[in-house]
Protein chains: 4
Amino acid sequence: MSEVIAKEQLAQFISRIERLEAEKSDLAEDIKEIYDEAKGTGFDVKIMRQIIKIKRQDKAKLAEQEAILDLYRQALGL
Amino acid sequence: MSEVIAKEQLAQFISRIERLEAEKSDLAEDIKEIYDEAKGTGFDVKIMRQIIKIKRQDKAKLAEQEAILDLYRQALGL
Amino acid sequence: MSEVIAKEQLAQFISRIERLEAEKSDLAEDIKEIYDEAKGTGFDVKIMRQIIKIKRQDKAKLAEQEAILDLYRQALGL
Amino acid sequence: MSEVIAKEQLAQFISRIERLEAEKSDLAEDIKEIYDEAKGTGFDVKIMRQIIKIKRQDKAKLAEQEAILDLYRQALGL
DNA sequence: GATGCGCTTTAAATGC
DNA sequence: GCATTTAAAGCGCATC
């Protein structure tokens, strides 16, 4: 691969990443706006964040438990 | 607003946020995959991150300078 | 504060940290030995790590839930 | 070994590990506190970390060199 | 050499 | 609004 092509390819990768990161930032802004809207409607943002956090942990914990079940199954040759 | 409605509305807000956070996570994964792909092609991921970071800083600096220029223009009544 | 004293004080801080880090490393070794011992007794180390991880998460989740309960109490003025 | 005994033994192993990990966490906290204290006294924490890292590497290098020396001694029948 | 894990660093969020 | 505290990302190590 010539250096010219490598350079071009690198630019491509970086461009794609920057594009996705821009979208990611936009989503972060959107989320913030929803929190603000909820706050304006009288909800407690801090509590909302806690709720979402706990729900996320629950999901993660469930996944963990399934993973350990898989381990047991493997250990038992099932 | 009745408590029932508030509850429903809260669920809506949380649902919207969770949806957007899921999209955000997906994007983070996509970005990681691009880095992996670039790595597999022989590029140095760490350097790529540096490049992207610097470009982002440059962009921020440019925006700041334009903001200052605007202030000057306003101060001079242009 | 004279530079001599500062130097001496810095040496003290670093010495204390190195002492604690040595203890920390010793503990890490001890933990590893227990895993090895368990392995030698026929237990599956990978599963053990999962169990410990989940127990730790459970503890963290419990603490989170108490935190959110506190938030609710505060929000309700209790 | 009956399953009951195995279960009990597993619980023992896990309990011992959790105990040691708790101590390890405590040490990590203690270390952090010393860094904070040093920071409050005007020292640069980042530099301190560098110093400690380098000293650790030096120690490792020294140990390695002594190991090589031992090999030479043995090879020479000293 | 790839994967996971802990530590470091940076970004976000809370409280004053 | 700023400064502390907390969460997320990145990085290096150590292991397999």
Side-chain angles (χ1 to χ4, degrees), chain A residues 17 20-21 24-25 27-36 38-39 44-54 56-57 60 63-64 67-68 71, chain B residues 17 20-22 24-40 42 44-54 56-57 60, chain C residues 17 20-21 24-25 27-29 31-33 35-36 39 44-50 52-54 56-57 60-61 63-64 67-68 70-71 74-75, chain D residues 17 20-21 24-36 39-40 44-54 56-57 60:
Chain A
I17 289 167
L20 294 178
E21 293 210 330
K24 196 155 146 270
S25 294
L27 284 172
E29 275 182 57
D30 292 347
I31 290 168
K32 190 185 287 271
E33 280 171 24
I34 296 178
Y35 276 120
D36 286 346
K39 187 179 185 178
D44 185 321
V45 169
K46 198 172 173 186
I47 290 177
M48 287 177 67
R49 287 187 191 277
Q50 286 280 351
I51 291 170
I52 288 168
K53 192 187 208 176
I54 288 174
R56 182 165 39 207
Q57 286 179 346
E64 285 279 343
I68 200 177
L71 284 177
Chain B
I17 290 168
L20 294 178
E21 293 210 329
K24 198 155 145 270
S25 294
D26 288 346
L27 284 172
E29 275 182 59
D30 291 346
I31 290 168
K32 188 186 286 275
E33 280 171 24
I34 297 178
Y35 276 119
D36 286 346
E37 188 187 342
K39 187 180 184 178
D44 185 320
V45 169
K46 198 173 171 183
I47 291 177
M48 288 177 67
R49 289 186 191 277
Q50 288 283 347
I51 291 170
I52 288 168
K53 187 189 250 178
I54 289 171
R56 182 165 40 208
Q57 287 174 348
Chain C
I17 290 167
L20 294 178
E21 292 211 329
K24 198 154 145 271
S25 293
L27 284 172
E29 277 182 56
I31 290 169
K32 187 188 288 275
E33 282 172 22
Y35 276 120
D36 286 346
K39 189 179 185 177
D44 185 321
V45 169
K46 201 170 170 185
I47 290 177
M48 286 178 68
R49 287 187 191 278
Q50 284 280 351
I52 288 168
K53 194 183 204 175
I54 288 174
R56 185 165 37 208
Q57 286 179 345
K61 191 162 156 289
E64 285 280 343
I68 200 177
D70 276 346
L71 284 179
Q74 288 174 16
Chain D
I17 290 168
L20 293 178
E21 292 210 330
K24 198 154 145 272
S25 294
D26 288 347
L27 283 172
E29 275 182 58
D30 291 348
I31 291 168
K32 188 185 283 276
E33 280 171 24
I34 296 178
Y35 276 120
D36 286 346
K39 188 180 187 178
D44 186 320
V45 169
K46 202 171 171 183
I47 291 177
M48 288 177 67
R49 289 187 192 277
Q50 288 282 348
I51 292 170
I52 288 168
K53 188 188 248 175
I54 289 172
R56 183 164 39 208
Q57 287 174 345

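Order of the sequence lines fixes the chain letters, A, B, ..., with proteins taken first and strands second; residue numbering starts at 1 for each chain.
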Open item on the list: Dot-bracket for DNA chain E, please. Rules: Watson-Crick or G-U, both distances under 3.5 Å, ( ) within the strand, [ ] when a pair crosses earlier ones, | for another strand, . otherwise.
Closed with: ||||||||||||||||
Open item on the list: To the closest 0.5 Å, what do you measure between CD1 (A:I68) and CZ (C:R49)?
Closed with: 13.0 Å
Task: Inter-residue atom distance A:E21.CD - B:I52.CD1, 0.5 Å rounding - done: 6.0 Å
Open item on the list: I need the full list of side chain to side chain donor-acceptor pair (under 3.5 Å) pairs touching residues 24-36 of chain D, with sequence neighbours left out, sorted by first then second residue.
Closed with: none
- [ ] Measure the CG-CG distance between C:L27 and D:L27 for me, rounded to the nearest 0.5 Å.
- [x] 6.0 Å
Task: Spacing of CG belonging to B:L20 relative to CD1 belonging to A:I34, to within rounding of 0.5 Å - done: 4.5 Å
TODO: Go through the structure and list residues passing salt bridge (charged side-chain N to carboxylate O under 4.0 Å, His left out) with A:K39, not counting sequence neighbours.
DONE: none
Open item on the list: Protein within reach of the bases, or only the backbone? For nucleotides 1-16 of chain E, mark each nucleotide 5' to 3' as B, S or -, using heavy atoms under 4.0 Å.
Closed with: ------SSS---SSS-
Open item on the list: I'd like to check the salt bridge (charged side-chain N to carboxylate O under 4.0 Å, His left out) partners of A:E64; sequence neighbours left out, ordered by chain and number.
Closed with: C:K53
TODO: Could you list where the contact with chain A starts and ends along DNA chain F, reading 5' to 3', using a 4.0 Å heavy-atom cut-off?
DONE: F:dA7 to F:dA8
Task: Nearest-0.5 Å distance that lies between atom CD in C:Q57 and atom CD1 in C:I54 - done: 6.5 Å
